[in-house]
**Q** 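Below is the structure I would like to discuss, written out as C-alpha cells.
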Number of protein chains: 2
Amino acid sequence: MSVTIKDVAAGAGVGIATVSRVFNGSGPVGAATRERVLAAARELGYRPSAGARSLRGRGGGGVGLVLPDLTDPFAAELAEGVLAAARDLGEHVVIDLSGGDAAREAAIVGRFLERRLEGVVAVPCGESAPWAEAARAAGLVFAERVARGVPGVPGVLADDATGVRHLTEYLAGLGHRRIAYLGAAAPGGEPDVRERAFRAALTRLGLAVPESLLVPARPNRDSAYAAAAGLLQSRDDVTAVLAAGHLLGEAAVLVARELDLRVPADVSIAMVDDVPWAELCDPPLTAVARPARAMGRRACELVLRDPARRGHAPEPLPAELVVRGSCGPPRGARAGR
Amino acid sequence: MSVTIKDVAAGAGVGIATVSRVFNGSGPVGAATRERVLAAARELGYRPSAGARSLRGRGGGGVGLVLPDLTDPFAAELAEGVLAAARDLGEHVVIDLSGGDAAREAAIVGRFLERRLEGVVAVPCGESAPWAEAARAAGLVFAERVARGVPGVPGVLADDATGVRHLTEYLAGLGHRRIAYLGAAAPGGEPDVRERAFRAALTRLGLAVPESLLVPARPNRDSAYAAAAGLLQSRDDVTAVLAAGHLLGEAAVLVARELDLRVPADVSIAMVDDVPWAELCDPPLTAVARPARAMGRRACELVLRDPARRGHAPEPLPAELVVRGSCGPPRGARAGR
DNA sequence: CGGATGCGTGGAAACGTTTCCAGAAGGAGG
DNA sequence: CCTCCTTCTGGAAACGTTTCCACGCATCCG
C-alpha cells in the first residue's frame with residue numbers, strides 16, 4: 001500500500017539502516033549515497049511513518065489539548081498559544097472539546113493516554129479522577145483554571161485577583177458605592193478567586209460588601225442573561241456592574257440596552273476578559289485583559305520542556321486593566337426603570 | 001517504562017493473544033479468563049498503545065485539520081463542527097494553523113502525511129503543490145474555500161453567491177442605489193464568488209455596477225480598516241456598505257463611528273458572516289449567516305466515511321440573511337463629512 | 001610494515017500490537 | 001471407543017522504524 005523504508009532502500013541500492021540515517025541525520029553517510037537515497041525517496045514519494053517511528057523510540061511526542069469549547073474567544077486564543085509553542089518545538093497537537101461535560105472529558109483524556117502523548121494541556125471542567133492518571137502517565141498542565149483534588153499538577157493561571165482588584169478600585173475611584181458583581185458562586189458554593197478578590201478589594205477600600213448584589217450565575221448565555229436581567233430590572237440603586245466573564249458582560253450589555261439604560265450614564269459596565277467585541281461595543285467596554293495566548297504558550301512549553309518545573313505552580317501571568325468608555329461616575333440612584 | 005500487553009498477560013496468567021482479544025472483542029474468550037484479564041489490566045493501569053495498534057493494521061485513522069487561524073469566530077465554529085463529527089466517528093483530530101502562510105501550510109500537510117492520517121480537512125490558503133500529494137496519500141476535503149489547481153478534491157462551501165444576492169437585493173429594496181462593496185479583488189485580480197454575485201445581482205436589478213465603489217481589501221484588520229476609512233471619508237454619496245467578511249464589517253463599523261456617521265440613518269452597513277458581536281453592536285448588524293458548524297461537520301464526515309463521494313463537489317450549504325437593525329432607507333447624499 | 005583508528009555500510013533485534021494458525025480440551029455422534 | 005467438531009487458548013509472524021553491533025576498507029602513526 002504505502003511506500004516504506006525498504007522500498008527506498010531497494011530503489012537506492014542501499015540498506016534500510018542507511019536510509020534511516022539519511023532521514024534522521026543520526027550517523028555518517030557518504031555524500032553520494034545520501035544523494036541517491038534522497039532521489040529514490042523523492043521519486044517514490046516516501047514519507048517516514050510517524051507511528052512506527054514512535055513505536056521504536058520513546059512515546060513519540062505530541063501534545064493533547066482539552067478545552068470546554070472553541071467558540072469562546074479566550075479559549076481560542078489560548079489554543080493558538082499552545083499550537084504556536086508546539087509548532088516551535090516540533091510537536092503536533094491533538095485537540096478535543098469537553099463541552100463542559102466531565103464524563104466526556106474523562107473519555108478524551110483516556111484516548112489521549114492511549115496515544116502516548118508526551119503531555120496534556122487542559123482547561124479542566126471535571127474533578128480529579130481522570131487527571132490523576134493522566135498526571136502519572138504523561139506530563140499534565142492545567143491552564144486558566146485547575147481541577148480540584150489533583151495535587152502536584154501545575155496550573156498556568158492569569159492573575160485574576162489583581163485584575164479584579166484593579167477593576168474594583170477603578171470603579172470605586174469613580175465614585176461607585178453600589179457595585180454589583182455578576183457571576184458569583186451559587187448560594188452555599190465556594191466563591192472563586194475573582195469573587196474573593198472583589199470582596200477583599202471592597203473591604204480594603206473600607207466599603208461594605210453588598211451581599212445582595214453578588215449575583216450568582218453560571219458562565220453560559222442563558223444563566224448570564226437571566227442573572228443580568230434579574231439584577232438590572234429589580235435593583236435601581238446599582239450604579240456599576242462588574243461582570244466576572246465575557247459572557248456575563250455580554251448579557252449585561254444586552255440587558256442594559258433592552259432596558260434603555262445608557263452606558264455609562266445610567267450604569268457603568270466592566271468585565272473580566274477582553275474579547276474582540278469589547279472594542280466594537282458602543283461604548284467600548286472596559287475590561288480586564290488576560291494574556292490568553294501567552295498562557296497557552298507557557299502551558300505548552302511547561303509540559304514539553306520543563307518536566308523539572310512541573311510540580312511547582314508557576315507565577316500567575318499579569319492581567320491588565322484596559323480602560324475604555326463604558327464606565328463613568330455614578331449618577332445617583334436611578335428613578336424607576 | 002509503560003505497561004504493555006505482555007505485562008497484563010503475565011499478570012493474568014494468559015497469553016498475549018488472549019489479552020488482545022479481550023480488548024478488541026475479536027475472538028471467543030471464556031468469561032472467567034476475560035474477568036482475570038480485565039482485573040490485571042485495571043490493576044496495572046494498562047492502556048493499549050495507539051501507535052503499535054495502528055502500525056499493525058491500517059493507517060491508524062485520525063483527521064488532520066488545517067486552518068489559517070482560530071481567533072476568527074467562523075474558523076473556530078468550523079473547527080467545532082469537525083471535532084464533533086470526528087468524536088461521533090471515534091476518530092481523533094490533529095490540528096495546526098497556517099497563519100495564512102503557504103509555506104507553513106505545506107509543512108503542516110507534510111507532517112500530517114507522515115502521521116498516516118485517514119483524512120485531512122483544510123481551509124487552504126496556499127496553492128496546489130502540497131495539496132496534490134495530500135489528495136493522493138489521504139482523503140482530502142476543502143472547507144469554506146478551495147485551493148486552485150487541485151482537481152478532484154471536493155469542497156464544502158457555503159452558498160455565498162445566494163447570500164450576497166439576497167443581501168444586495170435587500171439593500172436595493174430599501175432604496176439604496178450607491179452601494180459600496182468592501183473586499184473586492186485587487187485591481188487586475190480575479191473577482192471571487194461573492195464579488196461576482198454582487199455584480200450579477202445589481203445587473204439583474206437593472207442597476208449599474210459602480211466600479212469605483214468596489215473597494216479592494218484583504219481580509220485582515222489593517223487592510224480592512226484602511227479600505228473602510230478611504231471609502232467613507234471620500235465618498236459622501238455612498239448610502240450603504242456591503243462588507244464581504246466580518247473583519248471588513250468590523251472596520252466599517254469602527255470607521256463609521258469615528259466619522260460620527262449614524263447607522264443606519266447616515267449609512268447602512270451589512271456584512272457576510274454572522275459573528276457573535278454582530279448582535280452586540282449598536283445597532284445590531286444585519287449579516288449573512290454561513291453555517292460554519294455544519295460545514296465543518298460535513299467536511300469531516302465526507303473525508304472519513306464517504307470516500308466514494310469524494311470527487312463530486314457537494315451542494316453548497318445555504319447561507320441565510322439575518323436582518324437586524326443596521327440597514328435602513330437611504331437618506332440621500334450626505335452633506336460634507 | 002603492522003596494528004590501531006576511523007568512517008561508511010548492512011544485518012538484525014526490538015518496540016507493542018493484531019491476527020493467523022495450530023493445539024488442547026471436551027462433548028456429541030458414529 | 002474412536003473420531004470429529006466446537007470452543008478456548010497460546011505461539012509466532014508481521015507491521016515500519018531506530019539503533020546496536022559487526023564488518024570491510026582506507027588512513028595514519030609508530
Side-chain angles (χ1 to χ4, degrees), chain A residues 1-38 40-41 44-62 90 92 111 113-118 137-138, chain B residues 1-38 40-41 44-62 92 110-111 113-118 137-138:
Chain A
M1 190 66 199
S2 74
V3 34
T4 77
I5 200 173
K6 273 187 191 165
D7 303 320
V8 178
V14 301
I16 57 167
T18 303
V19 178
S20 174
R21 276 189 289 261
V22 167
F23 273 84
N24 296 293
S26 40
V29 179
T33 314
R34 156 173 287 115
E35 274 318 306
R36 253 187 313 146
V37 169
L38 253 24
L44 295 169
Y46 168 68
R47 294 267 185 192
S49 149
R53 176 175 285 173
S54 77
L55 181 55
R56 172 59 211 231
R58 43 186 185 81
H92 67 280
R111 316 272 296 205
L113 262 31
E114 295 186 359
R115 289 235 122 55
R116 301 288 189 269
L117 295 169
E118 197 170 325
Chain B
M1 190 67 198
S2 73
V3 32
T4 77
I5 200 173
K6 272 188 192 165
D7 302 320
V8 178
V14 301
I16 56 167
T18 304
V19 179
S20 175
R21 275 189 291 261
V22 168
F23 273 85
N24 296 292
S26 39
V29 179
T33 314
R34 155 172 289 116
E35 272 319 306
R36 252 187 312 146
V37 168
L38 253 24
L44 296 169
Y46 168 70
R47 295 267 185 191
S49 149
R53 177 175 284 173
S54 77
L55 181 56
R56 172 60 211 233
R58 48 188 181 81
H92 67 279
R111 315 270 298 205
L113 262 31
E114 293 185 1
R115 224 148 265 298
R116 302 286 188 272
L117 295 169
E118 196 170 326

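Below, chain A is the first sequence line, B the second, and so on; all start at residue 1. Predicted model only: the values in this text are computed from it and were never measured.
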**Q** Under a 4.5 Å cut-off applied to non-hydrogen side-chain atoms, are A:P48 and A:I5 in contact?
**A**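 Answer no - side chains too far apart.
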**Q** So, A:R111 versus B:H92: side-chain donor-acceptor pair below 3.5 Å or not?
**A**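 No donor-acceptor contact under 3.5 Å links the two side chains.
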**Q** Walking along DNA chain C from 5' to 3', note the first and the last nucleotide with an atom under 4.0 Å from a heavy atom of chain A, and give both.
**A** C:dG8 to C:dG16
**Q** Evaluate the side-chain proximity of A:R116 to A:S54: yes if any heavy-atom separation is below 4.5 Å, no if none is.
**A** no
**Q** Quick one: on DNA chain C, does B:R21 or B:S49 contact a more 5' nucleotide (nearest heavy atom)?
**A** B:S49
**Q** Is there a donor-acceptor pair under 3.5 Å between the side chain of A:R36 and the backbone N or O of A:A12?
**A**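 Pair found, side chain donor or acceptor close to backbone of A:A12.
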**Q** Considering only heavy atoms, which members of residues 23-34 of chain B lie under 4.0 Å from some atom of DNA chain C?
**A**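 Hits under 4.0 Å, by residue number: B:N24.
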**Q** Which is it for B:N24 and B:R53 under the side-chain contact (heavy atoms from CB on, under 4.5 Å) test, yes or no, and what are the steps along the way?
**A** CA-CA 11 Å; B:N24 296 292; B:R53 177 175 284 173; 3.8 Å; yes
**Q** Can any side-chain N or O of A:D7 pair as donor or acceptor with the backbone N or O of A:T4 at less than 3.5 Å?
**A**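 Confirmed, A:D7 side chain pairs with A:T4 backbone.
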**Q** Which heavy atom of B:G27 sits nearest a heavy atom of B:R21, and at what distance?
**A** CA-CD, 3.7 Å
**Q** Looking at every heavy atom in both A:V8 and A:V37, which two are closest together, and how far apart are they?
**A**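 Heavy-atom minimum between the residues: CG1-O, 4.0 Å.
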**Q** Which part of the nucleic acid, if any, lies within contact of A:T4, taking any heavy atom under 4.0 Å across all strands shown: a base, the sugar-phosphate backbone alone, or nothing?
**A** sugar-phosphate
